[in-house]
Amino acid sequence: MSVTGKSKVITTHKLVEMKKQGEKIVMLTAYDYTMASIIDEALGVDIVLVGDSAANVMAGHETTLPMTLDQMIYHAQSVVRAVKNPMIVVDLPFGSYQGNSKKALSSAIRIMKESSADAVKLEGGEEVLDSVRRILSAGIPVMGHLGLMPQSINKYGTYVVRAKEEEEAEKLIRDSHLLEEEGCFAIVLEKIPADLGARVAKELAIPLIGIGAGGGVDGQVLVSHDMLGLNKSFTPRFLRRYANLRENMLEAFSNYIKDVKSGDFPDKSEEY
Ligand code: KIV
């Protein structure tokens, strides 16, 4: 159910059906009401992710680690007010689920109760299975996240492509099966070789949503701010820019500055 009381069109069941039918799944991030309402209006986005990438694009942090549960709930509430049909998935932030399944459950319950989102996402495989199990036991759908896991950046030390070596690729395959067996309804695969993404997508019945995981997976996700060209500095190979909003905004701000300084704004038609 959405906050309007209407049933959601995109459900976990529908996503699995889409995979069966070979229909690609479209996912985008949103953190605020206005962006979410534009995404909703575009029609055709299946999942809106309230990602902890909010730490980077909204708050200017270098990593996603500083994000708090309260901040995620605030962003999720804003998005839920705007989105009608797509499923809304909210990231469990760093420190809210690792190593403590009871804490994981209470974090997930807070997100669901206080934001009315549809599901949560968390990073990791075998090491977070207890948390996944306990969250699922409360009837909360869980999306997994493997490959590059930004919450573990201090362990990796770098944002380069993951699972290029056999050992890490084997672990990723094992983890993806474990997450599916445990009951996750989908998994995000971030920044891994395309052939590995395609292999996992073939082996699993649940959808695999890629970001830098090639075209052989079941759907794609991008950070909205990145695909809209709001950032200049983030230029990974997987990022296709669909707009150049930073340039458009700079031009608008410059014109406004010019008009205020010159006295051109406001004119008679803009006065009371
Ligand atoms: O936080 C986020 O935006 C994400 C996506 C990159 C998948 O996890």
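Taking the six-membered ring where tryptophan is involved, the planes of Tyr31 and His75 are perpendicular, since the angle between them exceeds 60° and thus also 30°.
Ser152 contributes no side-chain N or O that, together with a main-chain N or O of Lys155, makes up a donor-acceptor pair within less than 3.5 Å. Put simply, the side chain of Asn231 never gets that close to the backbone of Ser233: no donor and acceptor are under 3.5 Å apart.
More than 12 heavy atoms of other residues, nucleotides or ligands sit less than 6.0 Å from atom CD of Glu270. Counted within 6.0 Å of CE on Met249, heavy atoms from surrounding residues, nucleotides or ligands total 12 or fewer; the atom is thus considered open.
With respect to the salt-bridge test (charged N to carboxylate O, under 4.0 angstrom), the residues Glu17 and Lys20 qualify. One finds no salt bridge joining Arg174 and Glu126 here, because no Lys/Arg side-chain nitrogen approaches an Asp/Glu carboxylate oxygen to under 4.0 Å. Salt-bridge formation is detected for the pair Lys171/Glu127: a Lys NZ or Arg NE/NH1/NH2 atom is positioned less than 4.0 Å from an Asp or Glu carboxylate oxygen. Using a 4.0 Å cut-off between charged nitrogen and carboxylate oxygen, Glu168 and Lys164 do not count as a salt-bridge pair.
In this structure, Met143 and Val188 have side chains that are in contact, with non-hydrogen atoms separated by less than 4.5 Å. Side-chain contact check for Val50 versus Val89: every heavy-atom pair is 4.5 Å or farther apart. Under the 4.5 Å side-chain criterion, counting only non-hydrogen atoms from C-beta, Thr12 is not in contact with Asp118. Side-chain contact check for Glu123 versus Tyr97: some heavy-atom pair is nearer than 4.5 Å. Side-chain atoms of Glu41 and Ser37, non-hydrogen and from C-beta on, never get closer than 4.5 Å to each other.
When all heavy atoms are compared, the tightest approach of Val48 to Ala30 is CG1-CB, 3.7 Å. Listed here is the closest heavy atom pair of Ser224 and Ile39: OG-CD1, 3.6 Å. The heavy-atom pair separating Asp91 from Asp52 by the smallest distance is OD2-N, 2.8 Å. What you find for Ala82 and Ala36 is that their closest heavy atoms are CB-CB, 3.7 Å. Here the closest heavy-atom approach between residue Gln151 and residue Leu92 is recorded as NE2-O, 3.1 Å.
Hydrophobic clustering, with ILVMFWY side chains joined whenever heavy atoms are under 4.5 angstrom apart, groups Leu49 together with Phe238.
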Practice item. Please assess Asp267 against Ser269 for the test side-chain hydrogen bond (donor to acceptor under 3.5 Å, both in side chains), listing each intermediate value before the final yes or no. Key: CA-CA 6 Å; Asp267 63 20; Ser269 73; 2.8 Å; yes
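In the hydrophobic clustering (ILVMFWY side chains linked at under 4.5 Å, chained through shared members), Ile153 is joined by Leu65, Phe94, Leu148, Met149, Tyr156, Tyr159.
Interatomic distance, OG of Ser78 versus CD1 of Ile73, reported as 12.0 Å (0.5 Å rounding).
Applying the side-chain hydrogen bond (donor to acceptor under 3.5 Å, both in side chains) test to pairs two or more places apart or on separate chains, none has a residue in residues 252-261.
With Gln220 as the fixed residue, the side chain to side chain contact (heavy atoms under 4.5 Å, CB included) test singles out one of Val217, Asp218, Leu222: Val217.
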